[in-house]
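Quick notes on the structure that follows.
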Amino acid sequence: MFTSNNLSQLAYFGGEPKFKEKLYVGRPNIGNRDHLLARINDMLDRRWLSNNGVFVQEFEQRIADYLGVKHCIAICNGTIALELVIRALELKGEVIIPSFTFIATAHALQWQEITPVFCDIDPKTHTLNPWRVESLITPRTSGIIGVHVWGQPCHVETLTEIADKHHLKLMFDASHAFGCSHQGTMIGNFGSAEVFSFHATKFMNTFEGGAIVTNDDELNQKLRLMKNFGFSGFDNVIYLGTNGKMSEVSAAMGLTSFESITEFIEVNRRNYYCYQQGLADIPGVSLLPVNEAERNNYQYIVLEIDEEKTQVGRDLLLKILHAENVIARRYFYPGCHRMQPYRSYFPHAGLLLPETEKLGQRVLVLPTGTAISEEDIGKICEIIKLAVIGKNQEYQI
Ligand code: T4K
């Protein structure tokens with residue numbers, strides 16, 4: 001039985017940290033090093049380091065086949081990939097997005113002087129609430145960007161109906177959703193195009209990198225020009241473009257990561273159920289459920305912390321975990337609308353975002369991936385249990 005004295009076992013209250021080394025959210029998964037190094041050697045021997053090399057071409061083909069999508073365009077990172085699709089779809093004026101997302105979704109619009117209109121989320125899935133979307137459409141609205149946050153699919157069908165009804169473009173930021181499905185179809189097949197991030201912190205990484213996938217031939221052609229300065233053959237620029245190319249070394253890492261994708265997902269799944277078991281019955285701590293009828297990548301361990309029930313609250317729990325060297329994160333606190341420049345542009349945006357505001361105060365993301373063991377997870381769960389139950393008892397005394 002815990003007593004309030006148990007709190008003193010926690011480093012935050014004066015005890016010894018349970019971990020000597022820091023455990024991070026977003027620790028990269030590293031596939032087979034020998035395969036990676038062999039690929040890098042090949043690349044050096046070939047002296048072909050970028051500009052649509054063989055590794056990029058192979059990577060694009062493998063991704064397209066895996067997702068069952070017609071075209072995959074490898075890009076230098078997810079943010080540039082978003083910017084390219086936004087531009088290729090000719091979005092302008094206002095575009096509706098969730099505020100509960102990584103800042104890149106909003107910046108990719110604002111960077112091109114398009115106004116992100118922040119929409120509230122469905123508290124169950126943490127994704128865009130489509131019924132709210134409709135109420136935000138104005139004559140200036142040109143599109144909607146859904147974000148499959150944590151790999152949880154958006155309300156794809158309802159968003160599609162709304163977009164069609166109002167003649168809006170629909171695209172998805174699928175940065176978190178590689179390897180996930182919606183109603184049996186792989187994410188990557190919805191809207192005009194979807195964008196993945198293969199940043200180092202994603203369960204499948206290319207160091208830095210991203211990809212655009214689409215089933216639209218014309219859009220594919222346009223994006224391929226745009227990511228390569230608009231070049232169509234030597235000396236022939238036919239379109240406005242930028243440099244969005246993925247390098248060969250990134251594609252080498254991508255191919256190596258992709259070989260291990262089944263193992264990465266299996267480890268993430270094991271970790272997810274380990275957390276589920278370890279966190280069961282802690283009052284006020286809930287793990288975001290996963291829909292086992294679909295394919296998932298389990299790459300984020302997302303907790304919601306109820307301040308009243310835990311007594312300890314999310315922010316104190318974060319400090320307690322950090323003191324133990326568990327570097328948990330508050331993604332996506334405080335919401336894009338509370339970050340600059342949006343906070344200055346729309347100081348009252350929060351009034352229309354009650355669920356986003358609430359969730360921003362509750363979410364805590366824990367470490368997972370191949371860098372963490374089941375034993376580590378057990379210890380993290382014990383820390384949380386000790387903090388919540390100890391604090392509850394302290395209040396009862
Ligand atoms: N849309 C969405 C919905 C996204 O989540 C993201 C990226 C994007 C768009 C844009 O895609 P990219 O342009 O990045 O491809 C991190 C990542 O940098 C970012 O890619 C990711 N989302 C976001 C959710 O997480 P920060 O600001 O949290 O990064 P940072 O430096 O604090 O590192 C995160 C954690 O990873 C730390 O715990 C340390 C650990 N880490 C990181 C790196 C790079 C490592 O252990 N090793 C490493 O090499 O954004």
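One-based numbering, in listed order, for ligands and for the atoms of each.
Considering only non-hydrogen protein atoms, atom 28 (O) of ligand 1 sits nearest to Tyr331 OH, 2.5 Å. Residue, atom and distance of the protein heavy atom nearest to atom 35 (C) of ligand 1 are Val25 O, 3.0 Å. If you check which protein heavy atom lies closest to atom 41 (N) of ligand 1, you get Gly26 O, 3.6 Å. Of all protein heavy atoms, the one lying nearest to atom 9 (C) of ligand 1 is Ser175 OG, 3.2 Å. In this structure, atom 43 (C) of ligand 1 lies nearest to the protein heavy atom Thr201 CG2, 4.2 Å. Nearest protein heavy-atom contact of atom 10 (C) of ligand 1 is Thr79 OG1, 3.4 Å. Counting only heavy atoms of the protein, atom 49 (O) of ligand 1 lies nearest to Pro28 CG, 3.8 Å. Nearest to atom 27 (O) of ligand 1 among the protein's heavy atoms is Phe102 CE1, 3.9 Å.
Note on ring orientation: taking the six-membered ring where Trp is involved, the planes of His176 and Tyr300 are tilted (angle from 30° to 60°). Classified by interplanar angle (parallel below 30°, tilted 30° to 60°, perpendicular above 60°), the ring pair Phe231/Phe229 is perpendicular.
The residues Lys165 and Glu161 are annotated as not salt-bridged, no charged nitrogen and carboxylate oxygen being separated by less than 4.0 angstrom. One finds a salt bridge joining Lys222 and Glu90 here, because a Lys/Arg side-chain nitrogen approaches an Asp/Glu carboxylate oxygen to under 4.0 Å.
Heavy-atom proximity to Ser197, at under 4.0 Å, picks out these atoms of ligand 1: 11 (O), 12 (P), 15 (O). Listed by number with element, the atoms of ligand 1 under 4.0 Å from a non-hydrogen atom of Gly209 are 15 (O). Applying the 4.0 Å criterion to heavy atoms of Ala104 picks out, from ligand 1, the atoms 8 (C), 9 (C), 10 (C). If you number the atoms of ligand 1 from 1 as listed, the ones under 4.0 Å from a heavy atom of Tyr24 come out as 38 (O), 39 (C).
Protein heavy atoms come within 4.0 Å of atom 18 (O) of ligand 1.
Distances from ligand 1 to the non-hydrogen atoms of Glu208 include no value under 4.0 Å. Not close to ligand 1: Gly210, with no non-hydrogen atom less than 4.0 angstrom away. Using a 4.0 Å cutoff on heavy atoms, Pro367 does not count as a contact of ligand 1.
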Open item on the list: For Arg338 and Glu357: C-alpha separation, side-chain torsions, deciding distance, then whether salt bridge (Lys or Arg N to Asp or Glu O under 4.0 Å) applies.
Closed with: CA-CA 10 Å; Arg338 285 180 176 265; Glu357 297 258 291; 2.7 Å; yes
Open item on the list: One pair to check against side-chain contact (heavy atoms from CB on, under 4.5 Å): Ile145 and Val95. What are the steps and the verdict?
Closed with: CA-CA 7 Å; Ile145 306 180; Val95 172; 3.7 Å; yes
TODO: Evaluate the salt bridge (Lys or Arg N to Asp or Glu O under 4.0 Å) criterion for residues Glu374 and Lys379: first the C-alpha distance (whole Å), next the side-chain angles of each, then the deciding distance (0.1 Å), finally the verdict.
DONE: CA-CA 9 Å; Glu374 288 181 72; Lys379 278 158 79 177; over 6 Å; no
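In terms of polar-atom proximity, Phe198 is not counted as a contact of ligand 1, lacking any N or O under 3.5 Å from an N or O of the ligand. Looking at ligand 1, you won't find any N or O of Thr101 less than 3.5 Å from one of its N or O atoms.
At a threshold of 4.5 Å between non-hydrogen side-chain atoms, the residues Thr206 and Phe59 count as touching.
A 6.0 Å sphere centred on CD of Glu307 holds no more than 12 heavy atoms belonging to other residues, nucleotides or ligands.
Counting heavy atoms under 4.0 Å from ligand 1, residue His176 touches it through the side chain alone.
Trp150 and Phe332 have their aromatic ring centers within a separation under 6.0 angstrom. Aromatic pair His107/Tyr342: ring centres closer than 6.0 Å.
When the options Phe207, Phe203, Phe178 are evaluated for a ring pair (Phe, Tyr, Trp, His ring centres under 6.0 Å) with Phe198, the one that passes is Phe178.
Among Arg330, Arg329, Lys202, His199, the residue whose heavy atom lies nearest to atom 21 (C) of ligand 1 is Lys202.
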